[in-house]
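Numbers restart at 1 for each chain; the letters A, B, ... are given by sequence-line order, proteins then strands.
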There are 6 protein chains.
Amino acid sequence: MMDTHYALPQVMLEPVVRAALAEDLGRGGDITSQAVVPVGTTARLQLVAREAGVLAGMDVAKLAFMLMDNACNIEVQQQDGADLLPGTVIATLQGDAQALLAAERTALNFLGHLSGIASATRPIARAIAPYGTKVSCTRKTMPGMRMLQKYAVRVGGGSNHRFGLDDAILIKDNHVAIAGGVRAALTRAKENAGYLVKIELEVDTLEQLDEALACGVDMLLLDNMPVPMLTEAVQRIGGRAISEASGSITPENAVEVAKTGVNQIAMGWLTHSVRVLDIGLDSV
Amino acid sequence: MMDTHYALPQVMLEPVVRAALAEDLGRGGDITSQAVVPVGTTARLQLVAREAGVLAGMDVAKLAFMLMDNACNIEVQQQDGADLLPGTVIATLQGDAQALLAAERTALNFLGHLSGIASATRPIARAIAPYGTKVSCTRKTMPGMRMLQKYAVRVGGGSNHRFGLDDAILIKDNHVAIAGGVRAALTRAKENAGYLVKIELEVDTLEQLDEALACGVDMLLLDNMPVPMLTEAVQRIGGRAISEASGSITPENAVEVAKTGVNQIAMGWLTHSVRVLDIGLDSV
Amino acid sequence: MMDTHYALPQVMLEPVVRAALAEDLGRGGDITSQAVVPVGTTARLQLVAREAGVLAGMDVAKLAFMLMDNACNIEVQQQDGADLLPGTVIATLQGDAQALLAAERTALNFLGHLSGIASATRPIARAIAPYGTKVSCTRKTMPGMRMLQKYAVRVGGGSNHRFGLDDAILIKDNHVAIAGGVRAALTRAKENAGYLVKIELEVDTLEQLDEALACGVDMLLLDNMPVPMLTEAVQRIGGRAISEASGSITPENAVEVAKTGVNQIAMGWLTHSVRVLDIGLDSV
Amino acid sequence: MMDTHYALPQVMLEPVVRAALAEDLGRGGDITSQAVVPVGTTARLQLVAREAGVLAGMDVAKLAFMLMDNACNIEVQQQDGADLLPGTVIATLQGDAQALLAAERTALNFLGHLSGIASATRPIARAIAPYGTKVSCTRKTMPGMRMLQKYAVRVGGGSNHRFGLDDAILIKDNHVAIAGGVRAALTRAKENAGYLVKIELEVDTLEQLDEALACGVDMLLLDNMPVPMLTEAVQRIGGRAISEASGSITPENAVEVAKTGVNQIAMGWLTHSVRVLDIGLDSV
Amino acid sequence: MMDTHYALPQVMLEPVVRAALAEDLGRGGDITSQAVVPVGTTARLQLVAREAGVLAGMDVAKLAFMLMDNACNIEVQQQDGADLLPGTVIATLQGDAQALLAAERTALNFLGHLSGIASATRPIARAIAPYGTKVSCTRKTMPGMRMLQKYAVRVGGGSNHRFGLDDAILIKDNHVAIAGGVRAALTRAKENAGYLVKIELEVDTLEQLDEALACGVDMLLLDNMPVPMLTEAVQRIGGRAISEASGSITPENAVEVAKTGVNQIAMGWLTHSVRVLDIGLDSV
Amino acid sequence: MMDTHYALPQVMLEPVVRAALAEDLGRGGDITSQAVVPVGTTARLQLVAREAGVLAGMDVAKLAFMLMDNACNIEVQQQDGADLLPGTVIATLQGDAQALLAAERTALNFLGHLSGIASATRPIARAIAPYGTKVSCTRKTMPGMRMLQKYAVRVGGGSNHRFGLDDAILIKDNHVAIAGGVRAALTRAKENAGYLVKIELEVDTLEQLDEALACGVDMLLLDNMPVPMLTEAVQRIGGRAISEASGSITPENAVEVAKTGVNQIAMGWLTHSVRVLDIGLDSV
């Protein structure tokens, strides 16, 4: 089970969940429940996994229900990080039927997507762990969802790259081209970077790699390198920088990549193209 | 090419794009470009498709660049709805290098995701059109992105189900259970629904279907029915309501489902589990 | 008494009420109560109707008081939809005097206006009900208040037309003129409308009406037609579309209009020119 | 014509107008114009008064159109404060048809309501001016609209009472009761009020009035006094404080009240129960 | 101890405190506490004064902690306005260690700054009180902090000048120059000012003063006058207006200025250049 | 002069400046300029330094004026980072007098405070540069102003510590106490920290220092150490970590501290207790 020190405080979740509820409720609220469900009806419902995976986003889902019915009773049976099997009961809710049904889709949209990320991350994280390699996500996130998506990656056992443009320097090909080469780019970066900021450089060739190592750099992003080239790159780095592989890495070839000894494997698809985990809300 | 009457006005896009830029810029802005790119450098960049697909979100991407450099020059070469091939140049930008590189990821996150939706939608829409069937999306969307995701489905030739809880009545299994059956649920719905609101009911069995038809209803959601049962259902409906199939429908079996004569095929994965379309930003 | 399935959840009310309190409190808060009312004073106050009418907005008013003093005790004696007489006690409040007096005007502004709408709606709704006709409101609302005003119309027994531009199609004279006639406009609308969206057309003449009926349409807005012409129009429609009368309809002539058999009577003044219901807050 | 030093800067109008457009556009935008109006159609439209009155809110209406089509051309023919006759052309617009029709209702909602206020205010202001009396509004405003409603009162020639709870002290009956009398309330107020803040006291009897005058006060709100009593009150005040009459004052009896010599007449209905001025948008 | 009728309601504090927490928590939350503090650890902490001063902002600090851990227990030992000595325990907190440490800096930033203002204000307020003079602040505030800074001045015994541009008229040198002299400026101001609004004029010379007194004005801002000239100015005013000295007034010369008999001393530095009061959070 | 690659994009400044203008304009706008300045008057004004210092915030001030009058002409004569002398003209503005005077205080509040920070930072930065030491700021900032205050420190030649709780790990005394010692805290931090995140530890004693060095750490915060102890600490570190001195460091003793060879000197007062730089706006 996940180590819960990764939990986000409610004060960070509230604006996102309120906005999502407002998006769904529109200007008239849940006209179906208002019309069909007798006022004052109590519902007893269960969040149930429909397939195997890793739970993430339980606090977010819970908040969605609580914001619609602050008197509802929610028994959380599985915490974020839990392994789910088809049929695993995640939580049991009892409260106002109109309110809970109105919150259902919002809660499930968060829960399914975040659990989808955690579920995609964990098997990769576990498979490459024996080689000392970790999986990480990128800034290729859904607009507005970065905080939560990065959290879900952590729940799945992955690590986070930058939260945004301001918390680390990542020099990519366009920067190198404009700066006039690897050395020029790294020199400028070191002069201007804050002393708490790490510097990473993307390299496509071993020549660029050597040039970067000669200058010194905290991390090297080894982009789209075939496995033999990646192996060579990791050896040349020799622990002088953190190495990170990216580009065309799939669950299928991740272990092969990890065997090169690279420290990190970056996978954008974990946040931009991941499949939802199927979780439902059943009457009980 | 897409009929542009679906375009959203800038006043609707601006809050979303500003929020996404703020999420990425954080409290320090793009410290990489600030450090590495000499002030006043002009960049000439091109948005280029790296794979085949359908473009959606060009106005959003353009706005992201314009909000960072309102003097930049953007030549839009492909409009939303255009068929892209690997290498198709979508737009050419010229402007302040620091600003455009800072906007890059935000612009691409919108553009790749929305184009991914349109690209997934179009082939299905075309394949089932000969049978008079249309593909539609659901409320299983990314929180905060519903407006844009629904737009991308339209660009791809799909149609939109509800925007939210307040613009149509959709009576699902939980509602039926609470209301005490199909007839009771429909009766309550008709009494309470606004006169501009359509009523749809989810049915799982042919018995429920007959009961609903006897009551009268605008639309019927035929959930998780095997093709033979679906065929029977469509025949029983006989045009008295719009028919919509949902559940376990994939690009592979969509045509088979369409051949049942169902009016609509609902596909949640178009918005909750779709793959990004790979689009890049190259220096030129 | 009103059927409370029309109640809006607190999560929808909170942003509006917080904004209204902020508007009134400004940058210094209630300097009168701060200066004049001794700290810690408890007040016991009653919301009292000063004239007869229909209550609407009690949840909103209650929230205004609770946001200023979350420990105050509010006994709600009348629910939304209740018939009020002069002197009817609506609710009794006990709590911090400074806080409750600071919330007074905000609470009363909501309560008086929304009750004014419900009070204007109910007698009309009742008078025309025997003829099978309903009264509805329009989009001629106070900016920012649409959700609440539409709710108050429902409390008064009226029905809601569109919540906004995106939940139904209403083709008006300007659209017809630009599209090149009724047939052209309706044809375009049907091609492009979502399958959950109803289409309404405004007609000023019987010729337009016939043309619309020939094309088929969900609803017809019969604008500014004298009663005999309206009667003729309703007969020609013959149940093939919902009929709605609008323009120059007052409480005085509403029954006469209803007798034509029209389904709906639209009245913009219910939301744009309605008189407040006089409700006061008295010390007890 | 109105003295334009009352104009509000655009930076104050923008949040209100953006919010109103968002309320109307919802999650799908103007689906009618998108469906019916061919893309790229140019419309030429005129804002036209349908009845006589005083114009207010032209900047707000203009901004609504500009935010939907920032390339549209707007020729403003009448400024705020202008006297309108039935048929007076207020402004001529030329721009994108879809955009302008989408903005129409929002623009007219502001313009009609604010002009309604100015139109109600001006005749009263003019009728009582010969007696040295001015008409003023109260805090009985539409939530979220106070800034604009107070502006419209100024356009009509009225003056504004408090903008909110923090810019003047107004001691009402509940305050007096809690403080333990007029003298106690005024003493506390003077001790605690800021030196830039005026103090007003509501009195219902001549005894209270005398007590207040003995203490000294900036303004006296003479609430619900019959004309003879009001005359006596004004004489007793004798210029030692600004006098303000309130309660049950209508356009019909305003002059009679003014003849008492009272300085101000407060009318809550100008902002809470005013009739809209009928203004339309016509194709030309 | 401070008279608590100056307290601001929580509904006014919440947006500011939520924004400050969000600014500090960023997109990842408190990664230090998450990494280092075991989940579920309870902390017992005390807010302790490290130097002598006057407490202000306790409600704000408390809210910061409560928003991070709404189950934490806070025993407030000193109220706003209390005199603090080095070592005075202000409050004792017990709650979730991760949450409280995450809130620490935000709480202390508010508390230290606001207490700094109160601590700077009180000795001056007390020193000049014997001469009937009060100290006041200006609009030279930290953007976004005006409400709270003005509150802290009140806690320290000072009085507030304008909250903003809209609650009083202050005619400064640039206005006089543009209007064409003191008389012209005052005449225009009186014609246009609301009847609840006081008018203040800045004068630099005795000639301007005489001209202003001849016209009549509520307040006079005597800017940068040497003490003898100020004495003369106060005498000429002779109680016909409130007098206010500003410019180059320090704690050192404040008493000398007060002895001129001026009513108010304005000090911009109380809000724009004040030193923080050192308050710490200690484990106990 | 400052290297302008530190400039923040307008999209980051706009929300802060709009909020500050709204705070000052309130619900009525600038009633002084409206009343006293004739409509249509053009003003020609200059921002002028009244004392020597370093300019910071020119983009922010410019934006404040532009948001009030987007047609005004602003000639910027000094860029951020420029050395100002008393009388240096910073910028010349020509535009609508009402608008520019309304923006004056907001613009000056930003400009004076940010220039105050840059002016305090630069002499220290220059004085300690010969010893290879840099000055940095902390998270002791004004709520809502962190982004801008950190920017002003950079303009003055200082460097930034963390922007917030999420972009680096800083283990302070409370964390060490809860974790059970330096080694335990560092071990937990390394296990849990992201690979892009640096780890800093606060130490008060040389024993703690040795323990930290034995574990390995990126940075060491040497808190409140007397100079001889600091010298010893820097020697023991021997380049194995970045060293940072904090606590009781003033402009007066900064050079002495720098001579110890410490890499960074942290000064909280630069953002929490700095004096404004006096800049005025004069008619020309």
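Atom NZ of Lys198(C) has more than 12 heavy atoms from other residues, nucleotides or ligands within 6.0 Å.
Considering every non-hydrogen atom in both Pro38(D) and Arg188(C), the closest pair reads CA-NH2, 3.6 Å. Counting all heavy atoms, side chain and backbone alike, Ile169(D) lies closest to Ala35(C) at CD1-CB, 4.1 Å. When all heavy atoms of Ala189(C) and Val36(D) are compared, the closest pair comes out as CB-CG2, 4.0 Å.
For Asp96(D), there are no side-chain hydrogen bond (donor to acceptor under 3.5 Å, both in side chains) partners two or more places apart in sequence or in a different chain.
Counting heavy atoms from C-beta outward, Leu101(C) and Ile178(D) have side chains that approach closer than 4.5 Å. Under the 4.5 Å side-chain criterion, counting only non-hydrogen atoms from C-beta, Arg146(C) is in contact with Asp24(D). No side-chain heavy atom of Leu108(D) sits less than 4.5 Å from a side-chain heavy atom of Arg139(C). Residues Ile171(C) and Thr32(D) meet the side-chain proximity criterion, which asks for heavy atoms closer than 4.5 Å. With a 4.5 Å cut-off on side-chain heavy atoms, Lys140(D) and Asn109(C) count as touching. Using a 4.5 Å cut-off on side-chain heavy atoms (C-beta onward), Asp30(D) and Asp166(C) make no contact.
Contacts of residues 267-274 of chain C with chain D at a heavy-atom distance below 4.5 Å involve His272(C), Ser273(C), Val274(C), listed in sequence order. Residue-level contacts of residues 10-23 of chain D with chain C, in order of numbering, are Ala20(D), Glu23(D); threshold 4.5 Å between heavy atoms.
For a residue to count as touching a neighbouring chain, one of its non-hydrogen atoms must lie under 4.5 Å from one of that chain's; by this rule Ala168(D) touches chain C with the backbone only. For His113(C), the part sitting under 4.5 Å from any heavy atom of chain D is the side chain, from C-beta outward, and nothing else. For Thr106(C), no part sits under 4.5 Å from any heavy atom of chain D, backbone or side chain. Within the 4.5 angstrom heavy-atom criterion, no atom of Asp173(D) approaches chain C. Contacts between Thr187(D) and chain C at a heavy-atom distance below 4.5 Å are absent for every atom of the residue. Heavy atoms closer than 4.5 Å to chain C are found nowhere in Val176(D), neither backbone nor side chain.
Interface check for chain D: of the options Thr141(C), Asp167(C), Thr138(C), the most heavy-atom pairs under 4.5 Å are formed by Thr141(C). Ranked by heavy-atom pairs under 4.5 Å with chain C, the list His175(D), Arg105(D), Met147(D) is led by Arg105(D). Of the residues considered (Gly29(C), Ala185(C), Gly164(C), Gly180(C)), Gly29(C) shows the highest number of contacts with chain D, using heavy-atom pairs under 4.5 Å.
Residue pairs that meet the side chain to side chain donor-acceptor pair (under 3.5 Å) test with at least one member in residues 274-284 of chain C, sequence neighbours left out, are Arg50(C)-Asp282(C), Glu51(C)-Arg275(C), Ser283(C)-Asn174(D).
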Taking it one step at a time, do Ile31(C) and Leu165(D) satisfy side-chain contact (heavy atoms from CB on, under 4.5 Å)? CA-CA 6 Å; Ile31(C) 59 175; Leu165(D) 287 162; over 6 Å; no
